[in-house]
Amino acid sequence: MIIKICLFFACTCTLLTHVWSRQNHQRKFHHNDRDKDNDLSLWIDEQQVKMFSGFSLKIYAIDNGKVSAHIKDPNFNHYLPVIPSEVSSVNFTWKSGSKKYYYNFDRLQSLDESILKPPTLSIKIKGRIPQEPKEFSVSLPCSGNSSGIAMFSIGFLIQTSRGKPVPGTPLRLSLKKECALRGVYDRTSLTHSQGPDPECDKKCANKGWCKVDKMCQCKEGYMGQFCETALCFPSCMNGGNCTAPAVCSCPPGYQGRHCEGGICAEKCLNGGKCIQKDKCHCPKGYYGLRCEFSKCVIPCMNGGKCIGNNTCRCPLGLGGNHCEIGRHQRSTCKKPCRHGLCLANHTCRCNEGWFGRYCNQRDKRKRNKSKF
């Protein structure tokens with residue numbers, strides 16, 4: 001077990017050194033803060049990298065609209081360590097920035113399903129990449145039938161809004177995952193929950209027990225040298241901590257089973273949705289922390305909705321940039337409104353000085369007043 005962990009760390013450090021040198025080379029030409037980048041990016045979760053390597057580093061697959069050089073390296077798969085049995089998922093974060101990108105995971109394949117089931121996603125197989133950074137997980141479910149190492153493949157295509165593939169995609173990654181049967185213990189052990197050395201058992205947390213080799217055998221849902229780390233799938237997002245198997249403790253401002261949902265102290269307006277702590281995702285035509293501002297300097301009239309800079313979506317029967325123009329349509333009003341506006345509810349709104357169902361009668365009082 002110790003040898004396996006050391007080999008894993010050694011391989012991981014080799015990978016990180018390789019990636020670090022590549023990313024540092026790229027940063028020589030980019031001095032702006034990464035948070036100011038406003039294009040497509042995809043990276044492996046920083047917390048997960050730190051958990052297994054000790055390094056706090058984002059491993060980018062796509063960086064500011066370009067597939068990273070280390071992904072294109074034909075020897076990249078040789079740098080990757082075998083994913084240990086304790087790890088049940090790989091976490092990614094991505095964003096599209098100000099541009100529109102669409103993804104399609106066209107390959108989620110296990111090459112040995114007797115050991116590893118096909119990978120699954122915490123998101124839909126097809127969809128649009130979110131504008132703001134958002135996490136998702138790739139689950140690696142062991143079959144539970146046998147122990148061993150299985151090869152699996154993940155592939156996905158990313159396209160622009162015009163259907164053009166992003167250069168360097170589709171990406172194809174081949175990885176290895178170790179699976180170990182849970183609940184297997186040495187025949188010399190007295191019971192399923194007690195190892196051959198009761199004193200050694202005391203160092204194993206969360207009801208783990210010692211095997212013959214003096215190493216802790218963890219219960220389902222825990223991992224680590226002394227079974228001290230709980231496992232959550234998908235992993236806790238937005239800085240949440242896994243405090244027990246499948247139980248996340250969320251930081252202030254987040255909620256949900258995996259801390260995936262934001263909490264906004266003030267409600268998002270005009271159809272906006274809370275996506276992060278006190279941050280709203282606004283529909284087209286609105287902006288602001290709470291989507292309280294309209295991009296239409298002149299407000300939309302007659303029930304229209306702002307969908308862009310001074311552009312309104314109008315109800316049936318209305319037109320103009322601000323829904324100020326009535327369209328005489330038989331399908332809306334049975335007869336034309338002679339001196340008025342045909343509304344979406346099949347009625348006429350009459351101009352000043354006119355009345356009647358079709359605005360064809362003159363208001364005599366208005367007419368008489370105009371004489372004086």
Side-chain angles (χ1 to χ4, degrees), residues 1-13 15-16 43-59 80-93 116-117 119-120 122 135-142 144 147 149-150 175-186 189 192-195 197 199-251 254 256-260:
M1 180 69 175
I2 294 177
I3 295 176
K4 181 185 74 174
I5 294 175
C6 290
L7 287 174
F8 175 74
F9 281 171
C11 292
T12 303
C13 289
L15 169 63
L16 290 174
W43 63 91
I44 298 177
D45 183 80
E46 187 172 5
Q47 291 182 351
Q48 192 171 49
V49 174
K50 184 176 181 180
M51 178 180 177
F52 293 107
S53 68
F55 296 96
S56 182
L57 172 67
K58 294 178 181 178
I59 298 182
L80 296 172
V82 176
I83 299 174
S85 58
E86 295 87 355
V87 180
S88 59
S89 64
V90 180
N91 306 318
F92 294 88
T93 304
L116 180 71
K117 296 179 182 178
T120 59
S122 62
E135 298 176 356
F136 70 94
S137 298
V138 179
S139 174
L140 307 172
C142 293
S147 299
I149 296 175
L175 306 155
K176 294 180 181 180
K177 172 75 170 76
E178 179 189 38
C179 291
L181 291 177
R182 294 290 184 179
V184 176
Y185 58 93
D186 191 90
S189 61
H192 182 77
S193 60
Q194 184 179 5
D197 188 344
E199 290 299 319
C200 181
D201 290 341
K202 294 179 181 179
K203 69 179 182 180
C204 301
N206 297 307
K207 298 183 180 180
W209 67 94
C210 270
K211 298 184 291 184
V212 177
D213 57 4
K214 302 288 185 177
M215 299 299 296
C216 292
Q217 174 69 52
C218 303
K219 289 191 65 177
E220 183 75 31
Y222 291 94
M223 63 171 286
Q225 185 177 359
F226 302 109
C227 308
E228 71 280 7
T229 303
L231 292 172
C232 291
F233 174 78
S235 295
C236 304
M237 300 178 180
N238 298 308
N241 294 319
C242 185
T243 54
V247 177
C248 292
S249 176
C250 303
Y254 294 94
R257 184 176 179 182
H258 310 291
C259 307
E260 72 279 9

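If you read the sequence from its start, that first residue is 1, and numbering goes on from there.
For the pair Ser139 and Ser89, the tightest heavy-atom approach, listed with the atom from each and the gap, is CA-CB, 4.2 Å. Residues Ser122 and Ser137 come closest through the heavy atom pair OG-N, 2.8 Å. Here the closest non-hydrogen pair linking Cys227 and Asn206 is O-ND2, 2.8 Å. Closest heavy-atom contact between Asn238 and Cys259: ND2-O, 2.8 Å. When every heavy atom of Ala150 is checked against every heavy atom of Leu116, the shortest pair comes out as CB-CB, 3.8 Å. When all heavy atoms are compared, the tightest approach of Ala246 to Cys232 is N-SG, 3.6 Å.
Taken to the nearest 0.5 Å, the OG1 atom of Thr93 stands 4.5 Å off from the CD atom of Glu135. The structure places CE of Met237 at 12.0 Å from OH of Tyr254, a figure rounded to the nearest 0.5 Å.
When the ring pair (Phe, Tyr, Trp, His ring centres under 6.0 Å) test is applied to Phe136, the partners found at least two apart in sequence or on another chain are Phe92, Trp94.
Disulfide criterion (SG-SG under 2.5 Å) for Cys204 and Cys210: not met.
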Item to check | Steps toward disulfide bond (SG atoms under 2.5 Å apart) verdict (Cys248, Cys236) | outcome: CA-CA 6 Å; Cys248 292; Cys236 304; 2.1 Å; yes
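Within the 4.5 Å cutoff, the side chain of Tyr222 has no heavy atoms near those of the Glu228 side chain.
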